[in-house]
Amino acid sequence: MSVEEQYVDSLYEADSELERVKEGIASNGMPSISVADGYGRLLTMLVRLAKANKLLEIGALGGYSGICLARGLNEGGSLVSLELLPAYAEVAKKHMVEAGLGDKVDYLIGDAKESLAKLKEEGRKFDFFFIDADKEGYPVYLEYAIELAEPGAIIVGDNILLRGRTTDEAKQGPAVKAVRSFNEKIATDERLESTILPGYDGLAIARVKG
Ligand code: SAH
Ligand code: DHB
Ligand code: MG
């Protein structure tokens with residue numbers, strides 16, 4: 001983390017609920033790749049500012065971002081979270097329940113592409129998306145998000161810098177290429193207005209026009 005990122009993080013008191021979630025993730029042998037604390041706070045703010053009430057998360061891990069998202073919901077709002085691994089969804093659900101948010105979330109287990117196809121088939125619509133699963137899938141996830149979006153929906157994508165790989169010309173692997181293409185689409189797709197924050201590991205924020 002940069003000294004500037006450390007500085008702004010140091011201004012905030014530790015969030016004991018989210019700290020417990022990170023400990024639970026580590027003690028279950030899961031990777032420590034939850035969204036950055038500063039972007040978690042931003043997710044809560046964005047959901048609240050957008051008055052979003054139908055959230056879709058792609059990539060649950062241990063529920064850290066799920067808690068941040070659901071914290072911004074008004075009464076009656078809900079979160080659908082797509083997760084490949086049943087064991088991870090179990091841990092995420094447990095953490096959501098402990099945070100008092102268990103009744104707000106539904107996990108769809110399996111490859112997100114299949115879950116997204118199903119949601120589209122069912123005619124489901126969402127007003128907030130958080131894309132944070134396998135990086136190779138990002139372009140497909142973005143296209144699905146736009147198709148499942150209500151007018152004015154917010155689409156957020158995590159890790160768009162891939163810890164330096166996105167901007168390293170020598171890196172030409174499938175995940176890097178996919179994230180570059182995702183970023184270009186975020187910036188240029190006529191259906192979106194957007195900005196991209198380069199702090200931490202980079203965060204893309206778009207609004208579906210209309
Ligand atoms: N959003 C979480 C972090 C997600 S890490 C947070 O910030 O708290 C990425 C997650 O995506 C992992 O849990 C991984 O199992 C999941 N994942 C990877 N490939 C996937 C796929 N094809 N479909 C659904 N989930 C996937
Ligand atoms: C990494 C971080 C993430 O937030 C993520 O979703 C996937 C991978 C990482 O640092 O490797
Ligand atoms: Mg991430």
Side-chain angles (χ1 to χ4, degrees), residues 1-2 5 15 17-26 28-44 46-47 55-72 79-96 98-99 101 105-120 128-145 148 155-168 171 173-176 178-179 182-183 196-205:
M1 225 190 279
S2 73
E5 288 159 359
D15 185 316
E17 197 160 67
L18 292 175
E19 289 306 314
R20 274 200 303 278
V21 170
K22 285 188 190 173
E23 284 161 22
I25 287 170
N28 279 283
M30 295 158 68
S32 297
I33 55 171
S34 302
V35 71
D37 295 342
Y39 286 162
R41 285 188 285 272
L42 180 59
L43 289 176
T44 305
L46 287 172
V47 170
L55 319 183
L56 180 65
E57 168 181 72
I58 308 176
L61 190 69
Y64 183 103
S65 58
I67 290 172
C68 296
L69 291 163
R71 278 178 176 176
L79 167 67
V80 174
S81 181
L82 313 186
E83 173 55 49
L84 181 63
L85 302 175
Y88 285 14
E90 287 267 321
V91 173
K93 173 79 188 200
K94 176 173 174 280
H95 288 150
M96 292 287 293
E98 285 169 3
L101 299 165
V105 65
D106 269 315
Y107 290 94
L108 302 185
I109 312 299
D111 187 345
K113 283 178 190 142
E114 287 169 26
S115 300
L116 287 162
K118 213 168 288 169
L119 290 168
K120 193 180 159 188
F128 197 106
F129 300 82
F130 182 49
I131 299 173
D132 196 22
D134 58 300
K135 308 312 167 194
E136 272 185 69
Y138 269 37
V140 175
Y141 299 148
L142 179 55
E143 188 53 40
Y144 267 116
L148 295 171
I155 302 174
V156 179
D158 193 28
N159 309 107
I160 59 83
L161 296 179
L162 295 173
R163 293 193 270 133
R165 285 184 290 148
T166 301
T167 50
D168 181 348
K171 304 283 185 199
V176 178
V179 167
F182 172 91
N183 291 341
I196 299 181
L197 308 181
Y200 303 99
D201 198 23
L203 195 78
I205 307 174

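All ligand and atom numbering here is 1-based and tracks the order in the structure.
Close contacts of ligand 1 with Asp111, meaning ligand atoms under 4.0 Å from a residue heavy atom, involve 21 (C), 22 (N), 23 (N). Residue-ligand proximity, Val35 to ligand 1, at heavy-atom distances under 4.0 Å covers atoms 6 (C), 7 (O). The atoms of ligand 2 that sit less than 4.0 Å from any heavy atom of Asp158 are 4 (O). Listed by atom number, the atoms of ligand 1 under 4.0 Å from Ser34 heavy atoms are 6 (C), 7 (O), 8 (O). For ligand 2, the atoms lying closer than 4.0 Å to a non-hydrogen atom of Lys135 are 5 (C), 6 (O), 7 (C). The ligand atoms of ligand 1 that sit less than 4.0 angstrom from a heavy atom of Tyr64 are 8 (O). Below 4.0 Å from some heavy atom of Gly110 lie the following atoms of ligand 1, by number and element: 23 (N), 24 (C). Residue contact check: Tyr88 has heavy atoms under 4.0 Å from atoms 13 (O), 15 (O) of ligand 1.
When hydrogens are left out, the protein atom nearest atom 8 (C) of ligand 2 is Ile33 CD1, 3.9 Å; that is the closest non-hydrogen contact. If you check which protein heavy atom lies closest to atom 9 (C) of ligand 2, you get Arg163 NH2, 3.2 Å. The closest protein non-hydrogen atom to atom 2 (C) of ligand 2 is Asn159 ND2, 3.3 Å. The single protein non-hydrogen atom nearest to atom 19 (N) of ligand 1 is Asp134 OD1, 3.3 Å, given as residue, atom name and distance. With respect to atom 26 (C) of ligand 1, the closest heavy atom belonging to the protein is Leu84 CB, 3.5 Å. Among all non-hydrogen protein atoms, the one lying nearest atom 15 (O) of ligand 1 is Glu83 OE2, 2.6 Å. Among protein heavy atoms, atom 6 (C) of ligand 1 sits closest to Ser65 OG, 3.0 Å. Nearest protein neighbour of atom 5 (S) of ligand 1, counting heavy atoms only, is Ile33 CD1, 3.6 Å.
Ion pairing between a basic and an acidic side chain is recognised when a charged N comes within 4.0 Å of a carboxylate O; Asp37 and Lys22 show such pairing.
Put simply, the side chain of Pro31 reaches to within 4.5 Å of the side chain of Leu61, judged on heavy atoms. Contact check for Phe130 versus Leu55: no side-chain heavy atoms found under the 4.5 Å cut-off. Counting heavy atoms from C-beta outward, Leu42 and Val156 have side chains that stay 4.5 Å or more apart. Residues Leu18 and Arg41 form no side-chain contact, since every pair of their non-hydrogen atoms from C-beta on lies 4.5 Å or further apart. Residues Ile205 and Leu197 form a side-chain contact, since some pair of their non-hydrogen atoms from C-beta on lies under 4.5 Å apart.
One option in Ala112, Ala133, Gly62 has a heavy atom closer to atom 23 (N) of ligand 1 than any other, and that option is Ala112. Across the listed options Leu82, Asp158, Asp132, Asp132 owns the non-hydrogen atom lying nearest to atom 1 (N) of ligand 1.
In terms of polar-atom proximity, Gly59 is counted as a contact of ligand 1, with an N or O under 3.5 Å from an N or O of the ligand. Below 3.5 Å of separation, one finds no N or O of Ser34 facing any N or O of ligand 2. The N/O atoms of Phe130, backbone and side chain alike, include none that comes under 3.5 Å of an N/O atom in ligand 1. Below 3.5 Å of separation, one finds no N or O of Gly66 facing any N or O of ligand 1.
Judged by distance alone, the side chain of Thr44 and the main-chain N or O of Arg71 form no donor-acceptor pair under 3.5 Å. No donor-acceptor distance shorter than 3.5 angstrom exists from the side chain of Asp132 to the backbone of Ile58, with no hydrogens or angles considered. The backbone N or O of Gly164 lies less than 3.5 Å from no partner atom in the side chain of Asp168, so there is not a single donor-acceptor pair. Remark: the backbone N or O of Glu114 is not paired with any side-chain donor or acceptor of Asp111 at under 3.5 angstrom. Judged by distance alone, with hydrogens and angles left aside, the side-chain atoms of Glu136 form no donor-acceptor pair with the main-chain N or O of Pro174 at under 3.5 Å. Glu83 places no side-chain N or O within donor-acceptor distance of the main-chain N or O of Ala89, the cut-off being under 3.5 Å. A donor-acceptor pair is defined here as one N or O able to donate and one able to accept, closer than 3.5 Å; no such pair exists between the side chain of Asp106 and the backbone of Val80.
Looking only at N/O/S atoms, Asp132 comes nearest to the Mg ion (ligand 3) through OD1.
Atom OG of residue Ser34 and atom CD1 of residue Ile25 lie 3.5 Å apart, to the nearest 0.5 angstrom.
The shortest heavy-atom distance from Tyr39 to ligand 1 is not under 4.0 Å. Distances shorter than 4.0 angstrom occur between a heavy atom of Asp132 and an atom of ligand 2. Taking 4.0 Å as the cut-off, Pro31 does not count as a neighbour of ligand 1 on heavy-atom distance. For the ligand labelled ligand 1, residue Ala60 lies inside the 4.0 Å heavy-atom shell.
Cation-pi contact between Lys93 and Tyr88: absent, since separation from the ring centre below 6.0 Å together with deviation from the ring axis within 45° is not met.
Environment of CD in Glu98: crowded, with over 12 heavy atoms of neighbouring residues, nucleotides or ligands closer than 6.0 Å.
Contact annotation for Leu61 and ligand 2: no heavy atom of the residue comes within less than 4.0 Å of the ligand.
Centred on the Mg ion (ligand 3), the OD2 atom of Asp158 and the OD1 atom of Asn159 lie at an angle of 80°, reported to 10°.
Shortest non-hydrogen contact noted between Tyr39 and Gly202 is CE1-C, 4.0 Å.
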